[in-house]
Amino acid sequence: MGEVRLRFAPSPTGHLHVGGARTALFNWLYARKMNGKFILRIEDTDLQRSTKESEKAIIDSLKWCGIDWDEGPDVGGDFGPYRQSERVLKGIYDHYARALIERQMAYYTIYDKTDIKKPVLNTYEYPKEYIQQGHQITISFKVPKGTTKFYDLLKGDMEFQNSTIEDFVIIKSDGFPTYNYAVVIDDHLMKITHVFRGEDHLSNTPKQIMIYNALGWEVPEFMHIPLILGFDRTPLSKRHGATSVEYFRSVGILNKGLMNYLALLGWSVGEEEIFDIKERIKNFDPSSISNKGVVFDPEKLEWVNGKHMRAIDPEKLFGEFVDWSRFTGRKTPECSKEYALRVISICREKVNTLSALYDLSYPFFFDDYVYEQKFIDEYLKASYAKDVLERALDYFTRLQDWSVESTERVCRSLAQLEIASKNKVFQLLRGTVTGKLVTPGLFETLWVLGKQRVILRIEKALSYTRSWA
RNA sequence: GCCCCCAUCGUCUAGCGGCCUAGGACACUGGCCUUUCAAGCCAGAAGCAGGGGUUCGAAUCCCCUUGGGGGCGCCA
């Protein structure tokens with residue numbers, strides 16, 4: 001058996017959808033598992049909707065996902081070009097269309113000059129005169145009699161009656177090929193051996209097989225993957241909120257988390273649900289993919305992501321954190337790596353996304369944090385606040401060794417003063433040094449912040465209480 | 001309308017004729033822990049769409065019904 005070659009062939013008409021990412025992932029997984037090749041092909045035959053920006057966005061998203069390709073528009077390869085629009089220019093699709101017409105397996109259709117949707121003539125002859133007169137012409141594939149059969153890795157044996165399929169256009173009047181035709185030409189010329197794609201293409205497959213047969217080409221293996229649905233069981237779309245890879249990236253999902261979740265969605269890898277997809281390549285078995293439409297669950301995605309946030313090396317997480325901050329146009333921390341890693345380590349225990357991590361860690365990295373209104377109203381303005389904070393300032397100033405244990409000691413002795421309940425004292429301190437009422441453990445927070453910052457922040461809070469007195 | 005695919009807790013799944021009193025995970029509920037919120041740990045509630053067969057025996061095989069989805073473009 002020759003080299004296994006798979007491809008992902010998006011049309012550049014928008015962002016990369018999570019469904020597309022999952023399709024790409026499964027193709028990539030199989031190519032890598034089989035030590036084959038993975039190819040990226042851009043299907044930009046829809047002149048109206050295709051844009052360069054989309055192509056770039058899709059490539060960026062794919063790269064971010066950790067999916068790499070051996071051949072593609074940006075990296076080249078022996079079977080290029082890898083953009084269909086460029087292949088049109090080389091006359092590739094015309095060439096085979098003419099071959100089909102010569103065999104009388106396809107024909108020209110000439111349309112009415114004024115009513116351009118109205119076919120007036122079908123012919124095998126090159127309609128030179130009509131073209132000169134300005135008629136629109138297309139080329140259609142002539143569906144033969146009989147039945148078309150194929151085997152789908154997931155669905156099993158498939159059989160379609162050709163009589164239920166009508167002749168279909170393969171070359172549009174603008175000279176560009178249609179999807180069902182171009183995909184066959186390209187997959188064959190690019191020596192694609194396995195086609196894994198969305199289930200929405202299942203009914204297109206017999207058309208494509210007929211073209212393979214008409215041209216006398218070998219048919220690749222097919223697998224049609226069930227679609228990703230929204231909570232109402234309709235295909236996941238913008239109506240369900242954001243669905244693009246870029247969106248999940250922007251809200252702080254890690255690429256590892258997204259890939260892990262996407263893999264989980266329809267493929268039960270084994271007992272453990274949390275894994276690095278790269279370490280599961282060898283376990284990938286296409287035929288074990290679920291055969292039914294799967295509902296996308298953002299909550300589980302977040303849970304999976306949280307697991308990854310806590311599992312990866314803190315240094316790696318900090319790297320992701322900085323990249324993400326830049327990607328979303330936020331400030332990035334300026335501090336020592338040692339300090340940053342401490343912050344990340346204590347904060348990541350409580351969050352599932354980089355965005356939540358950003359919020360939680362903000363007062364550790366920046367001094368311009370603001371007090372939560374609830375903190376001001378319920379703690380800072382409380383009668384005991386000034387008293388407790390003055391004592392705290394005194395205790396912390398005199399504290400020599402700054403450790404989690406010693407800050408805990410101070411906090412507990414402050415509570416034992418019985419100026420206010422332990423809970424109130426702790427919450428007051430928490431808000432004083434972070435502005436928030438939800439933070440990592442108070443003692444760790446104080447320790448990480450360091451003596452100097454803690455004292456400064458207590459003084460700042462005190463000045464507020466004095467201004468109200 | 002025609003063609004096609006699919007069907008286990010709310011969701012993702014394990015199950016491939018007896019190991020099923022249907023297992024796990026998310027979410028949910030309760031408890032533990034506790035300085036907040038999480039995390040973590042423990043416990044609980046929750047499902048084989050319905051009806052016929054086949055079989056000693058069916059979540060598993062077959063048929064029908066119902067339900068969901070896809071396709072039938074000069075979109076991909």
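This is a predicted model, so every value here is computed, not measured. A note on names: the letters A, B, ... follow the listed sequences, proteins ahead of strands, and every chain is numbered from 1.
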Counting any heavy atom closer than 4.0 Å, what does A/Phe176 reach on the DNA or RNA strands: base, sugar-phosphate only, or nothing?
nothing
What do you reckon, are the aromatic ring centroids of A/Tyr179 and A/His201 less than 6.0 Å apart?
yes
Under 4.0 angstrom, heavy atoms only, what part of the nucleic acid is A/Leu437 near: base, sugar-phosphate, or nothing?
base
Each nucleotide of nucleotides 42-51 of chain B classed B (base within 4.0 Å of a protein heavy atom), S (only sugar-phosphate) or -, in 5' to 3' order, makes ----------
Listed nucleotide nearest any side-chain atom of A/Lys172, set B/C75, B/C5, B/G73
B/C75
Would you classify A/Ser268 as touching base, sugar-phosphate or nothing, given that sugar-phosphate means primed atoms plus P, OP1 and OP2, and contacts are heavy atoms under 4.0 Å?
sugar-phosphate
Go ahead and name the base partner of B/C72; Watson-Crick or wobble counts if both distances stay under 3.5 Å, otherwise write none.
B/G1
Do we see a donor-acceptor contact under 3.5 Å between the side chains of A/Tyr261 and A/Asp297?
no
Base, sugar-phosphate alone, or nothing: which one does A/His201 contact when heavy atoms must sit under 4.0 Å apart?
base
Could you tell me whether the side chains of A/Ser288 and A/Trp267 share a donor-acceptor contact shorter than 3.5 Å?
yes
Using atom C1' in both nucleotides, what's the gap between B/C64 and B/G71 to the nearest angstrom?
24 Å
Positions of residues 421-429 of chain A (non-hydrogen atom under 4.0 Å from RNA chain B), listed by number
A/Lys422, A/Asn423, A/Phe426, A/Gln427
What does B/A49 pair with, Watson-Crick or G-U, if both distances are under 3.5 Å?
B/U65
Is the shortest distance from a Lys or Arg side-chain nitrogen in A/Arg412 or A/Glu408 to a carboxylate oxygen in the other one below 4.0 Å?
yes
Among B/C3, B/G69, B/C74, which nucleotide has an atom closest to any side-chain atom of A/Thr138?
B/C74
Under 4.0 Å, counting only non-hydrogen atoms across every strand here, what does A/Arg233 touch: a base, just sugar-phosphate, or nothing?
sugar-phosphate
Selected nucleotide, minimal atom distance to A/Lys207 side chain, candidates B/U36, B/C72, B/G69
B/C72
Distance-only donor-acceptor test (3.5 Å): side chain A/Ser203, base B/C4
no
Could you tell me how far B/G57 sits from B/G52 if I compare only their P atoms? Round to whole Å.
15 Å
Run A/Ser140 and A/Asp167 through side-chain hydrogen bond (donor to acceptor under 3.5 Å, both in side chains) and show every step you take.
CA-CA 6 Å; A/Ser140 288; A/Asp167 292 359; over 6 Å; no
Give A/Thr439 one of three labels, base, sugar-phosphate or nothing, depending on what nucleic acid heavy atoms sit under 4.0 Å from its own.
base
Report which part of the nucleic acid A/Thr45 touches: base, sugar-phosphate, or nothing (heavy-atom distance under 4.0 Å, all strands).
sugar-phosphate
Could you tell me whether A/Pro206 contacts a base, only the sugar-phosphate backbone, or nothing, with contacts defined as non-hydrogen atoms closer than 4.0 Å?
nothing
Can you tell me if the side-chain N/O atoms of A/Lys117 get under 4.0 Å from OP1 or OP2 in B/G73?
no
Expressed in whole Å, how much space separates the P atoms belonging to B/G67 and B/A49?
15 Å
Out of B/U11, B/A39, B/G70, which has the shortest distance to the side chain of A/Glu349?
B/A39
Are A/Phe248 and A/Phe296 an aromatic pair, judged by ring center distance below 6.0 Å?
yes
Does B/A38 have a Watson-Crick or wobble partner in any strand here, with both distances under 3.5 angstrom, and which is it?
none
Using atom C1' of each nucleotide, how far apart are B/G47 and B/C28 to the nearest Å?
15 Å
Which part of the nucleic acid, if any, lies within contact of A/Tyr111, taking any heavy atom under 4.0 Å across all strands shown: a base, the sugar-phosphate backbone alone, or nothing?
base
What does A/Leu442 touch in the nucleic acid at a heavy-atom separation under 4.0 angstrom: a base, only the sugar-phosphate, or nothing?
base
When you check the side-chain N and O atoms of A/Asp276 and A/His308, is any donor under 3.5 Å from an acceptor?
no
Between A/Gln84 and A/Arg87, does a side-chain hydrogen bond (donor to acceptor under 3.5 Å, both in side chains) hold up when you go through it step by step?
CA-CA 5 Å; A/Gln84 289 184 330; A/Arg87 299 173 72 75; over 6 Å; no
Determine whether the side chains of A/Tyr371 and A/Thr432 contain a donor N or O and an acceptor N or O closer than 3.5 Å.
no
Between A/Thr234 and A/Gln161, the residue closer to the 5' end of RNA chain B by nearest nucleotide is A/Gln161
How far does the C1' atom of B/C26 sit from the matching atom of B/C9, given to the nearest Å?
12 Å
What integer distance in Å separates A/Glu272:CD from B/A14:P?
15 Å
Considering only B/G70, B/U11, B/U36, which nucleotide approaches the side chain of A/Leu227 most closely?
B/G70
Minimum-distance nucleotide (side-chain atoms of A/Val295 versus B/C37, B/A39, B/C12)
B/C12
For the side chain of A/Asp200, counting heavy atoms from C-beta on, which of B/G70, B/G73, B/U11 is nearest?
B/G70
Rounded to whole Å, how long is the line connecting atom CD of A/Glu444 with atom P of B/U34?
14 Å
Can you see whether A/Ser345 engages A/Arg310 through a side-chain donor-acceptor pair at a distance of less than 3.5 angstrom?
no
Taking A/Asp157 first and then A/Lys149, would you say they form a salt bridge - that is, a charged N and a carboxylate O separated by under 4.0 Å?
no
Base, sugar-phosphate or nothing for A/Gly198? Non-hydrogen atoms, less than 4.0 Å.
nothing
Nearest-angstrom distance, P atom, B/G18 to B/C62:
16 Å
Just to be sure I understand the rule, does A/Asn204 reach a base, reach only the sugar-phosphate, or reach nothing, if contact means heavy atoms closer than 4.0 Å?
base
If you go through the side-chain atoms of A/Lys155, does one of them form a donor-acceptor pair with the base of B/C5 closer than 3.5 Å?
no
Within the 4.0 Å heavy-atom criterion, would you say A/Thr109 contacts the bases, only the backbone, or no part of the nucleic acid?
nothing
Starting from the 5' end of RNA chain B, give me the residue, A/Leu202 or A/Leu264, whose nearest nucleotide shows up first.
A/Leu202
Euclidean distance for P, B/C12 against B/C37 (whole angstrom)
32 Å
When you compare the side chains of A/Asp74 and A/Trp69, does any donor N or O come within less than 3.5 Å of an acceptor on the partner?
yes
Do you see a donor-acceptor pair shorter than 3.5 Å between the side chains of A/Glu125 and A/Tyr108?
no
Quick one, give me the B/S/- string for nucleotides 24-30 of chain B, reading 5' to 3', where B means a protein heavy atom under 4.0 Å from the base and S means that only happens at the primed atoms, P, OP1 or OP2.
BBSS---
Complementary nucleotide of B/C28, counting Watson-Crick and G-U pairs under 3.5 Å
B/G44
Output yes when A/Lys300 and A/Glu273 qualify as a salt bridge under the 4.0 Å nitrogen-oxygen rule, no when they do not.
yes
Nucleotide nearest A/Lys350 (side chain, heavy atoms from C-beta), chosen from B/A39, B/C37, B/U35
B/C37
Would you say A/Lys142 and A/Tyr124 are linked by a side-chain donor-acceptor pair, where the criterion is simply a distance under 3.5 Å?
yes
B/G24 versus B/G44 - spacing of their C1' atoms, nearest Å:
16 Å
Are A/Phe26 and A/Phe196 near enough that their ring centres are under 6.0 Å apart?
no
Hey, is the side chain of A/Arg412 poking within less than 4.0 Å of OP1 or OP2 on B/U35, counting only N and O atoms?
yes
Tell me if the side-chain of A/Asn291 makes a donor-acceptor pair with the base of B/A7, cut-off 3.5 Å, by modelled atom types.
no
What nucleic acid atoms does A/Ile346 come within less than 4.0 Å of, heavy atoms only: base, sugar-phosphate, or nothing?
nothing
